Amino acid sequence: MLNLKKKHRFGNKRSGLEATNGIEQVWVDVCGVLAERYLLVQGWAYHPGLEDVDFRLMYLGDRPNEDVPDLKVADVHCIRTTRLDVNRQFGFRGETRLWGYCLLIEWPEGVDVNHEEMRLIVSAGDEQKVCDLKPFTGLSGDNLFGHCATWRSEEKLALFNMLHGLLGDQVYELQGLRTVSDGEIRAQINWHWDVILAVPGRGVFLSGWMLDGERELAAMVIRTGDGCYSQNLLGKSARYARSDVLEAFPGKAPANYKAGFYAWVPLPHLMERSGLEVIMLTKQGVKISFPLQQTIAREDITFASQQVLVNFNVRSRDYRKVMREHIGPALKALWENRRALLEEPQEEILQFGGTVQNPRRSVIVPLYGRYDFLLHQLAQFNNDPDMAETELIYVLDDPRLYEEFIPFCYDTAQLFPVPFKVAYAGRNLGYAGANNFGARFATSDKLVLLNSDIIPSEPGWLSRIEEKSRGLEAVGVVAPKLVFEDGTIQHLGMSFSRSAEFGNLWLNEHPGKGKPEWLLGVQSVVEAPAVTGACMFISRTLYESVGGLDETYVLGDFEDSDLCLKLRKAGYRHYVLGDEKLYHLERQSQNLFENHDWKFKITLYNAWQHTERWGDLIEELVA
Amino acid sequence: MSEQKILIVSHGHPDHSKGGAEVAAYNLFKEYERQGLDTIFLARTDQPSHGGSAFSTINSDREILFHTHMSDFFLFQSGNKKHIWQDFRDLLEKYRPTVVHLHHYIHMGLEMIREVKNTLPDTRIIVTLHEYLAICANNGQMVKPGKQMKLCYKSSPTDCARCFPERSAADFFLREKYIKSIFELVDKFISPSHFLIDRYKQWGIPEEKMVMIENGQPEVKAPAPRPLAEGEVRGRFAFFGQINPFKGVDVMLEAFNLLPDDIKGKVHLDIHGANLEIQTPEFQEKINKLLDDLGDLVTLHGSYESHEIGRLMEQADWVIIPSVWWENSPMVIQEAYNHGRPLIASDIGGMVEKIKDSVNGIHFRARGATSLSAKIASDTLDPEFWSSISAKIKPPLSVSKCANLHLDIY
């Protein structure tokens, strides 16, 4: 079948110098039916004097019947290809030209095709050549690609892409695609998967390495047990340098080849126990498939998110694209999957000391990691008359502490007579979740979200801040000035700054942080684009109207500015009271931007989410 | 005055441990009893109690032992808070004291003070400060941890965190805030020295809340000066107290070692002190080496009972107090005065306040063995000089006068 074997059909051999300006010769190599739905016509046309020519099919007479397509209007897909064999035959010495053609046209299933009723028309300007076709025979995958041996690699890829564009994932299921042994394929292409993390209903995170130095592959997809295909991972993956792989396979790839590979593969219909396989298709039409043994993501996503993040380079140029296409969706899927798997929080409420009737405000304090702050806060609240009208709700957000914490509360309540509630959800809810959970049990309309490491500087702060908030215009959130233990500023309102280092993401800023107060000219009331969640005064109605703090930020970050921006968008404004001072003993570990471990990458992910959501509004606010 | 009901709280009973604070607290209690006042002595003990009860009695049914402990020496947290909010509360409710006078909170918990205010809001709360415990997490010594034992002049969260790298400045800030929140409940602080008052004032306790009352001494007849043989000098020196790195025994021994040989022949040092065996091996080795070097010049006597003090003082010409930390008002100063014996002391803190150089005693440069050695070798040994100094010793405050000063405050 290969045209190289049929040299005699080239007709008169001519020298390229004698070329005329017309279409000198046209040849039809193949007439085939592909996947019972497409007609494929391949061949060559020699036209050295013309830049380009058109190819189309037409009926010899009128359209034979209604069942067959109207070739005057039907789409004909055409690829022009290199035919070095034609060059040789005609002794053509000019620059490489595309003599080959490959036409594809849709044909109704089950309708016979008679080649004698059709002709191939090749035209350029006024000139036209009409050629006979050959009988259409069924094409197998093997002979489909087999005809392309004289094509260049990108032309074969174009054929694949055209087929994929028409057939979709059926292209992988074409009958008769050539297969080879594992050893044979690995002589050309090699790979290894370290992580195959399946998130049911969402997709797969695949990571490892892939060595295809000669770019033999046309496609690589994941196929689920029930026949769903992923997108082609070759164009949809993050690649990074793996010198160890290049060293292990010397000479297989250029030095700048990026063998490292990871990808988030969206598979929205992925079933929990679905068998998975990887299917690779080479440009030569060789199909390789092998099964994948996946790990299924569960509630505990610490390790899984580390696996997702480990090779993510936040310094690389394409880092935002990788974040958008792979890291972001993978983390989101893990997180959503976790939330879906977790049971509804339990509701355990313990009251210590008497209940405060008709409280004027509800103070919500999440506790995580360390609970001795409760003692320190109660020791200070104890001499504050405001506490008689305050509902104090501690949210224990750390199940590890429960057994020690409850007796501690009991003892502490006996010695420090400030009534308080403990709300316990039975599991860790995260900073936003814990506050939202606590707010559910608030019975007053005024909320104060307070961190456990905040210590008032003097009694009466609650009522004073409320008093000063009255009369402020369109009040959203009000926050006091916060200082470190040495009296330097910890918070005077938040702002946003673009990170030149991390792809222009917007990061939250605490202007003036660490400076002595006198240097900053602190005003009594100042508006801020956002305020810290460490101490927030907000009406409960307002809080609930925007759904409270957003729980989609991973491991707690950016929820406070997110809340402020939600409110800001709704027309509310935020204020900092410079005459009200509380101590905020912010711990050092929160500065994650100093080290580039996975937690830092999570922070960056949150920043990215936050920027995607609020970038435009932030730009307006800080302009 | 007669309607007062006085609960004295001490972190130990002198029958068990003879620290200055325990003795001072107990002396007060015995004096109130002698005056016919309604009083109870509550002393903390680490001994197990009968049937696991929080309380038991000792000597009489007015001397109650409190079997409790502390779990956290950073924040002075009770190790069994139920002891405070149940047992101690019950004691308060039953006895209903008008005054609770705590001589310490260590080993029991600062919550004791909180509990008095919770249960009996009108009861006066008096606290005697014995060290710099609230200010300094290094056992209240205001001496920096580490071999050099540098003297500390002022606390701050940042500085304190440098002394304790495992804790943050925020931890020290919280500690200070917490302790102050409890100290706010105290009506009056009593301190046996002005030096300590100054330190607490700097730390933030209002000056008007603090009163200086020296520890009272039992009224004894001061023994006559040690009779001297013909040509003998005033060369009998004595040290009373614990042998630990803070007390400067090593400085004192080095000083004796530095004396010229002819002086060495004329002097003798008696050390009345215990607990060398519980010190670090390094420290023990250092002391033992010095003792070996000095040979017969030094006699190590071990601990003594308080009733023996008169007899021991009688045999001494000079009492040395070489402490390398500030001290507050060390009992040995008042005891020496009570027995007509002058002191040679480090020139820092409470010692300088209580001993006037070349008037009723002698100062040497704290931690300076050479300085102490030079002082010993100078006119110290001269019997006439000794007479002129000892003649200026004023009898210390008696226990009964001390008690009356306290009653005025109650």
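So that the names make sense, note that chain A is the first sequence line, chain B the second, and so on, each numbered from 1. Side-chain atoms are counted along with the backbone in the values below, which use heavy atoms only and exclude waters and symmetry mates. As the structure is a computational prediction, the values presented were derived from the model and not from experiment.
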Taking side chain as everything from C-beta outward and backbone as N, CA, C, O, which of these in A:F484 sits under 4.5 Å from a heavy atom of chain B? Side chain, backbone, both or neither. neither
Specify which of B:E176, B:R114, B:E115, B:K81 makes the most heavy-atom pairs with chain A at under 4.5 Å. B:R114
Check step by step if side-chain hydrogen bond (donor to acceptor under 3.5 Å, both in side chains) holds for B:S71 and B:Q77. CA-CA 6 Å; B:S71 60; B:Q77 294 286 297; over 6 Å; no
Does any N or O in the side chain of B:T39 come within less than 3.5 Å of the main-chain N or O of B:I6, such that one atom is a donor and the other an acceptor? yes
So does A:D453 get a backbone contact from the side chain of A:R370, meaning a donor-acceptor N/O pair under 3.5 Å? no
Test side-chain hydrogen bond (donor to acceptor under 3.5 Å, both in side chains), reference A:K481, set A:E517, A:H584, A:E580, output is A:E517
What part of A:D411 lies closer than 4.5 angstrom to a heavy atom of chain B: side chain, backbone, both or neither? both
B:L185 portion near chain A, given a 4.5 angstrom heavy-atom threshold: neither
By a 4.5 Å heavy-atom criterion (distance strictly below it), what part of A:L415 contacts chain B: side chain, backbone, both, or neither? both
Looking only at side-chain N and O atoms, does B:D171 offer a donor or acceptor that is under 3.5 Å from a partner on B:S168? yes
Side chain, backbone, both or neither: which part of B:E184 has an atom under 4.5 Å from a heavy atom of chain A? side chain
Greatest number of heavy atom pairs closer than 4.5 Å to chain B - which of A:T412, A:L375, A:D372: A:L375
With no hydrogens and no angle check, is any side-chain donor or acceptor of B:T45 less than 3.5 Å from a backbone partner on B:H67? no
